[in-house]
Amino acid sequence: MDPILDGLNHAQREAVTSSAPVLQVLAPPGSGKTKTLTARVAYLLSHHGYQPQDVICCTFTIKASREMRERLSKLIGEKLQSRLILGTFHSICRRYLVKYGYLIGLRKGFGIADSDDTRAILRRIIKRLKSTIDVRAAQGRISKHKAHGLSPRDLSDKVKADEVELVEIYSAYNEALAAANLLDYDDLLVRCCDLLREHPECVSNVQTVLVDEFQDTNIIQYELMNLFAAKHRRITIVGDPDQSIYGFRSAEIQNLRRMQKKYSNTSVVLLESNYRSCGSILNSAQDVIEQDTTRPAKKLEATHKFGTLPVLRKLPNPNAEATWMVLEIKRSIALTGDLLRMCDFAVLLRSASLSTRIESAFGRAGIPYKMVGGRKFFDRVEVKTLLNYLRVVSHSDHSDALLNIINVPPRRIGDETIKQLTGGAEKAGVTLWVFIKDVIQGRRATEKKLQKAAELGLCALVKLIDASRQKLQDCADASAPCVLLEYIVESLSFQEYLLKTYPLDEDGRWANVKELMGQASDVVTSDGETNPEEDLPEIEGVEQQQTHPGEEALSRFLANVALATEAQSKDEDDGGSGSVTISTIHAAKGLEWPVVFIPAVYNGSIPHSRAEVVDEERRLLYVAMTRAQALLYLSLPLKQPRVGEGEDGSTSLTPFLPPRIVKSRFRLKGPQFHEQVVYGIADTLRRARPTAEELCKDIATLPSILDDRWTSEGEEVRAEDNGWNHQQNWGDSTQEPSTKRRRYDDERRALTSNSITSHKSGTSSTFMVPTTMSTGGFTSARDYIAVQPEDSKSGASSQAKAQVITTSAHQDGLNQASISTFFGNPGVSRTKDRSSQPNFPSAKSTSHDRLASSTKPQPQSAPSHVPVSLASHRLQPRPLHPSRPALEPAGPTSYTWMAAPTSSDALKPARMFSSPAFQNQMSESTSKGPGETTPASSSSVRSKAFYTTTMDQVRQQAPTTTGRRTLGIRRSMNGWADRMKREKTGGQGDRMQ
DNA sequence: CTTCTCCTGCTTTTT
DNA sequence: GCAGGAGAAG
């Protein structure tokens, strides 16, 4: 059999091998979408004879495209992979515009305006026009117009009163961009569309186009896809309407429909089996998403066991919520006997701003974490300043960058001078840079004479920039960004400047500068040949614009910075267990973790108070929930001083979790980690089950083996009631167990031995329920039932089904049930689908409850059979189970065996696992090993990919790691001092060190 | 005229 | 903490 198809289920295979020219693969979370898309690329290359450089593959995030490259490296080999035109829409467009932009009058060396630039430009314009429109609002509305392909002229026809003002700003904004030779994010797409419309020959080589996460495309991106595929009209898309969470960015789910209409030969393949999460998590997520009544019903079949119920936890306030997460992380690690590591946990947030409290709680508790999402690193002032210098060097027309550095470090150039210069430049009709140069070289004069000091400062600046530019000319290779950065840092005495300006944390800021330099040297590392990612195949009759290699390296570096989402990573090798990921939900899309926390599930946070479309917020929650493999925790603080609606700061649970769902799908406290629960987690993660000894060994480090510091109603349990000493610092696990704690040790041993007994006897009905006074018998009892029962049934139904339907636009195309499932009348197909669903999860919940209540009055635990000494017994951590069982069709593991023998990858199949734990674990050894230097591999082979930028990866190879490695933490530490000062007032009594 | 300091309001999500 | 504005001090 074809090795590309190895490990694919029937439906996935159907999708991969489909001979349909236009194919839509629609699939719920965890069903192996990306895997399918990747395999299809490989299949098309090998079976249809397409050349890689004739295949375009679009993703939405850099992370996704990097992951795709990695997977493809393994499937088709590094060499072929690197020739594919693969990247985000934006980066692919940039590539085309660099080479062919001249055809539509784009000036050479254009820069990319990031959202700061955009905002600065708009602020200026709005001020000048004396408009009252909010800058951010204008930014959003203009972006929206661009995403719909509407120019100011298009808009001026529609004479809506409130639009007139905006249109004026819009066109002034476009002029400003043009004057500075800048393209904003939307322009990259729009201009590329222009290019391909006027010069379709630029993509005449393209055989086929593939698009990931198609539900997130907006009109322009959809148009681009069509233009890319214009010649042969062969397109594959994968997507899931339920995961459409970019409506705010003008994504249109309608594009799925539009595409079917446009291409009457569209085939649709549905994937329905979920390989990621345990059944209980899927059920709860499914219940959430099904509240959307406008949504066509869709199947989602669990292939895993039911597992343990998700948790919905109430806590008194956000600080308690953060502390609770710390406790639960520690508790679940300790009670699962090395099954879970720090890197198995993720905290997913609606808003990045929610992270601060969590970060500080984690910091205090010594839990390593990394924050993903947001572009914090490149937004740091010191980093931004240096980047702006580079931008000015690369691109002298970039007036905003110039304005940002004109007086940094201080050069005695103040407001008045700046006013003179910008005013003068505008009058003279030249860019700021040209004007400044003219002034100090005596060719022009400002209206009012400049101060001597200011003039001297300007001279120094111009001198530096010109010298840098000369250096750039002399540097004809990819080291340019690094060389320039060093030169500028030295010329400015930047370190001393930092020292003077930020005496408190000069250290951290200098570390950031070093980090930036490290990232810049990335480009050098991947040298040798020019970066293959940037090449486009030569096409006869169309000339590509040639560029100076140093200049190109610099502008590519700057573009990568502008287009990078996840700027930062952190040390992964801190004792080998990695760190907890804190991420926005948006940034977490497409990823998975064994344990997921979703805090702040209150009305106002999710759905966000500013959200325009509630359904999208629900989908967001759905996406977040479906990231979890084995354990899912939702939580909400009952009081939220600032945001929530109530005057007293009290919050209400998100409407997406009505009582009905909470009751049937959630428990109110963290699970008890008795043996069966732990086994369930191990099985879902396909890791080895821990031994009884391992389960016991860390108990002593816990303040309690139960989630009982707060009641299930979210009230603080009084200290004397429960052995909870609230003064104690939870970060300090070396603390001696309190006298009260011994009680839990006993219970735990009892619990374990009981479970062992029942396991041996092979029946589930002999469970003892270890209860404590403070835990509701109801939840724990239900817990016991929940882990046990339906394994066998779900196993039987786990065979995947494929439905392949060919639509015909002429027949209205939608007469088939499965299609209408997605696009047509939801009412009809819905009930039908329902009945065909495996009935185990929802149908059983009532009987659970009944059983649960009947189980309730269980006796207290039996005496222990495990020797007391076992509790402190320490075992060597065992390696995690290396591979997924064969029945698992998902997981990139399966690509291993067909990796091209030319690649060194083929030698180490063990490297490829889909769980983040393995990713991290393996990538460590990979990146450190000698002889690991497949030339182009730096950007793609290392499976670090999950959390780092391309640039970060290289940093790891760099020998200078020590200084920069702990950056992420250090940076966060800087913040703690301040935060803690503030939190002291309303805080929890947690001590700071 | 520049620079420093204090104050205010802010924060949805991303390329 | 962070950006931007206002006002006082150099």
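Proteins come first, then strands; the chains are lettered A, B, ... in the order of their sequence lines, and each starts at number 1.
The A:Arg136 side chain lies nearest to B:dT11 when the options are B:dT13, B:dC1, B:dT11. Comparing B:dT12, B:dT2, B:dT14 by their nearest atom to the side chain of A:Phe248 picks out B:dT14. Distances were taken from every side-chain heavy atom of A:Thr417 (C-beta onward) to each of B:dT14, B:dT2, B:dT12; the shortest belongs to B:dT2. Taking only side-chain atoms of A:Val381, from C-beta outward, the nucleotide of B:dT13, C:dA3, B:dC1 with the closest atom is C:dA3.
Counting to the nearest Å, the C1' atom of C:dG4 and the CG atom of A:Leu403 are 15 Å from each other.
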Dump every N/O contact between nucleotides 3-7 of chain B and the protein below 3.5 Å, one line per pair.
| unit_1 | atom_1 | unit_2 | atom_2 | d |
| --- | --- | --- | --- | --- |
| B:dT3 | OP1 | A:Arg412 | N | 3.2 |
| B:dT3 | OP2 | A:Asn407 | ND2 | 3.0 |

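Side-chain N/O atoms of A:Thr584 include one lying less than 4.0 angstrom from OP1 or OP2 on B:dT14. Close to C:dA3, at under 4.0 Å from its OP1 or OP2, lies no side-chain N or O of A:Arg123.
For A:Arg610 against B:dT12, no side-chain N or O and base N or O form a donor-acceptor pair under 3.5 Å.
For A:Ala611 and A:Lys449, each mapped to the nucleotide of DNA chain B holding its nearest heavy atom, the one lying further toward the 5' end belongs to A:Lys449. Map A:Ile418 and A:Thr88 each onto its nearest nucleotide of DNA chain B; the residue landing nearer the 5' end is A:Ile418.
With A:Lys146 as the fixed residue, the side chain to side chain donor-acceptor pair (under 3.5 Å) test singles out one of A:Asn218, A:Asn174, A:Asp186: A:Asn174.
Between the side chain of A:His395 and the backbone N or O of A:Asn181 there is at least one donor-acceptor pair closer than 3.5 Å. The backbone N or O of A:Tyr602 sits nowhere less than 3.5 Å from a side-chain atom of A:Ser605 that would complete a donor-acceptor pair.
Between A:Asp116 and A:Lys384, some side-chain heavy-atom pair lies under the 4.5 Å cut-off.
Nucleic acid contact class of A:Tyr246 (heavy atoms, under 4.0 Å, all strands): sugar-phosphate only.
Both geometric conditions, a ring-centre gap below 5.5 Å and a plane tilt below 30°, are fulfilled for A:His608 over the base of B:dT12.
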